[in-house]
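Structure first, commentary second.
Predicted model only: the values in this text are computed from it and were never measured. In what follows, every heavy atom counts, from backbone to side chain, and hydrogens, waters and symmetry copies are set aside. Below, chains carry the letters A, B, ... as their sequence lines are ordered, and counting in each starts from 1.
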Amino acid sequence: MNRIALVVLSDSSREYDKEYTYLVPEDLIEEVHPGSRVIVPFGNSNRNAEGFIMGTEDVKELNTSYRLKYIKKVLDDIKWLDQWSIALCRWMRKRYICTYYDALKCMLPPGVGVKSIKSVILIKNTDHHNQTICEIIDVLIENGGECGLEELAAYIDKATFSRYIRQMEKEQIILIKEEFINKAKEKKVRVASLALPIDVIDEAINGNKIRSIQQIRVLEILKEAEYLSVADITKFSGASSSSVNTLQKHGYIYYKEVEVKRDPYTGRTYERSEAFLPTEEQAEVLKDALVKIETGGFYEALLHGVTGSGKTEVYLQLIKACFDRGMSAIVLVPEISLTPQMVERFKSRFGDEVAVLHSRLSAGERYDQWRLIRDGKKRVVVGARSAVFAPLERLGIIIIDEEHESSYKSETTPKYHARDIARERCSANNALLLYGSATPSVETYYRAARGEMVLYKMLDRPNNAVLPKVEIVDMRNELNEGNRSMFSNKLAQEIKKNIELKQQTILFLNRRGYSSFVICRSCGFTMKCPNCSINLTYHANNERLICHYCGFTVKNPVSCPKCNSRSIRHFGTGTQKIEDEVRKTFDGCSVIRMDMDTTAAKDSHEKILTTFKEKNINIMIGTQMIAKGHDFPNVTLVGVLAADSMLNLGDFRASEKTFQLITQVAGRAGRGQLKGRVIIQSYNTEDFSILTACNHDYMGFYKHEILLREKLGYPPFTNIGVIIISGPDDKIVSTNAKEVGETIVEFMEGCDEKPEVYGPMRAPLAFIKKKYRWRIIIKCKDIDNIIDAFTLIRDKLYKKFEKYFVEMSMDINPFNML
DNA sequence: AGCACGCCGACT
DNA sequence: GTCGGCGTGCTC
């Protein structure tokens, strides 16, 4: 009897992305289980590779055509994956056309991996006819008979070094020792601080001494914070660590080591809260859902609950029910809502059993949380998208709050949707999957409407809070009446009134920066990014033009680069411009702005919101990040400055996004005792998504939208596959794109349904980061046909693409089609 | 990514 | 002959 094991390698390369069969040696039988981490000999050279066990099996006969090798070593006694994660890993690989390791990485804490360290030991000191070999022996003797392989290679410095080492090993002159060291789980972290006073830094930036926007962003962030880890800097600035290194080299910043604080919530105490007595609506939902938990089968349910209807209390009581039955729970929330206030609600109910996972945890913190969860010390996990993979056992419920949020869709490989992962997990674990939203996604509502899942409704606002009064202002009329400002007369009047009443106002605009483009009025020249097919955006705070896609930046020109005319101006409206305008129009009022630019530094998001609330700032201006979370009892007026700005984006979700956004922004008004009002400015006042949002009419919106989706053949009636092919040479990209297109068309001819294939054509964002982009769209009812087509393309063409520096991204039902 | 293997030209 | 450089193919 032989025991064999299936092993996948911790190597993301496509070519050996397989489950390899290895023999389990007699003495390791007790240690090798599905989920353990091992070292296996791999390749002709039997190099040591790290891998994970996907499964084991006992077989009588080995009837493989090739000779199996033995597993060399078990790395640790941790079971990294359980049965469901292994199954999910296989499923993800197929569904998202990624590698096993891409999928595995989602389920493992960061920093898992081994580094191999090889050293060379001299065992036979002989004279050798070969000069290089003699040289190596000399170096080894000098080092006391042992030397690290890499050091040795550096000493010898010859291209043929490894050839000799192999020969020496064969002739038993040397012995190669290999050790495996876990990649450091840092307890200390390297942080960076500004090395020069802020005004010197500013001077360097303004004097064009520092020109890379990455570097400027890093410095801007460090100006706010005393010090930040390099990992955090790169995360918040979007710059790579190399730009941080350059700054250090040039002496603008310096590094030091700092102890990592492990539990981000240590030191906070939480008052224990007890369950509230549910309202009538809540009780009804709970009654039904609790039966489902009790029964213990796989169920899906949509909780359609308006803002403020008390969804969180329902969540808490359902989790409690799971708890009482020894089961665990996952709560997914959009990253933006992971505020201390939100966390507090869970912590105060479940205390230390709650683990919080979000993107701002350091690798060490993440690892700690992962271990605590896996060891059963934490049974409630609250977190953003990736928390859906939390290694909980006996899962009772997964809750996806704000189910329609786009942040649940990953934009990097594997491009999963947390909803789909949750569904796989819950069905494998017989758990309840609860979606919650005030504005459910059309896809989810459709499934509920068709009876594929239970639909719970909580449409009353508690304490009889009245819905804010919503008014639409047609900006075309304003223009006709000679009002060229960005505030309609009505809105300006209401803002003034609010300032007098010392009540607060939120102004919402979906565009950051100062204005959208810079144009020369004499010759019509517009400032474009040299790397992207995008107009540069003017940013007033540093008098620069920035590309929002690649970060390219130049100083704002005083004269037109083409015709030298001085009448080059910026047009359009961004949040920065609104801020200026507000200050000019409403004398002496206090203003605060919240967008990507002002929230780059750590915790600044939180700080801005607290300042706004506590200092009773008159007006807050922001992009969509202000749309959710946070109750501001004193906000009585919300102004949406350009409600139609998203409608013409060429995206089948444009109406849905508009509806959701307006509904959410409007929900910010009148959360306290005072009645709220909302003013919506738009050039397109007839659009149904704006009208229904103003009437707080989800059903009206849904009924209209679902008909459109059916007529036009969009999800949920079809699946849409998008392939973007990109690369530095337009010709090469387009010919390769054509080949992809032909392959798809050919493949689809063999399918039972007649799918539609569009393209290849230039992507709407045709040139980004110096790469030309071509796009192919497939519309197809059966998602498996798209998956199969994608898989075929990958297998057939990836090698060729590598050769031609062509990149390809494939996504099914993406949130971003551009 | 390594490494074996094979081919070829340069150097002694 | 031997050495060194380079292209190709393979990984249970």
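- A distance-only check finds a donor-acceptor pair linking the side chain of Asp102(A) to the backbone of Thr99(A) [under 3.5 Å].
- Atom-to-atom, CZ of Arg47(A) to P of dG9(C) comes out at 19 Å; the value is rounded to the nearest Å.
- At a threshold of 4.0 angstrom between heavy atoms, the contacts of Glu19(A) with the nucleic acid are absent.
- Looking at heavy-atom distances under 4.0 Å, Thr160(A) makes contact with sugar-phosphate atoms alone, never a base.
- Closest contact between the side chain of Phe42(A) and the listed nucleotides dC3(B), dC12(C), dG5(C) involves dC12(C).
- Within 4.0 Å (heavy atoms only), Arg163(A) reaches at least one base atom of the nucleic acid.
- Scanning all heavy atoms of the two residues, the minimum distance from Phe161(A) to Ala153(A) falls at CE2-CB, 3.4 Å.
- Atom P of nucleotide dG2(B) and atom CG of Leu149(A) are separated by 11 Å, given to the nearest angstrom.
- Rounding to whole angstrom units, CG of residue Leu6(A) and P of dC12(C) are separated by 14 Å.
- Whole-Å rounding puts the Met168(A) CE to dC3(B) C1' distance at 18 Å.
- Residue Asn46(A) contributes atom CG, which lies 12 Å from atom P of dT11(C) at whole-angstrom precision.
- Exactly one of Asp811(A), Asn813(A), Asn816(A) qualifies for a side-chain hydrogen bond (donor to acceptor under 3.5 Å, both in side chains) with Lys409(A). That residue is Asp811(A).
- Rounded to an integer number of Å, the gap from Tyr22(A) OH to dT11(C) P is 11 Å.
- For Lys69(A), the listed nucleotide lying nearest its side chain is dC12(C); candidates were dC12(C), dG9(C), dA1(B).
- For Lys799(A) and dG9(C), the NZ to C1' distance is 8 Å, given to the nearest whole Å.
- Across dA1(B), dC3(B), dC12(C), the shortest atom-to-atom separation from the side chain of Thr21(A) is found for dC12(C).
- Here the closest non-hydrogen pair linking Pro728(A) and Phe805(A) is CD-O, 3.4 Å.
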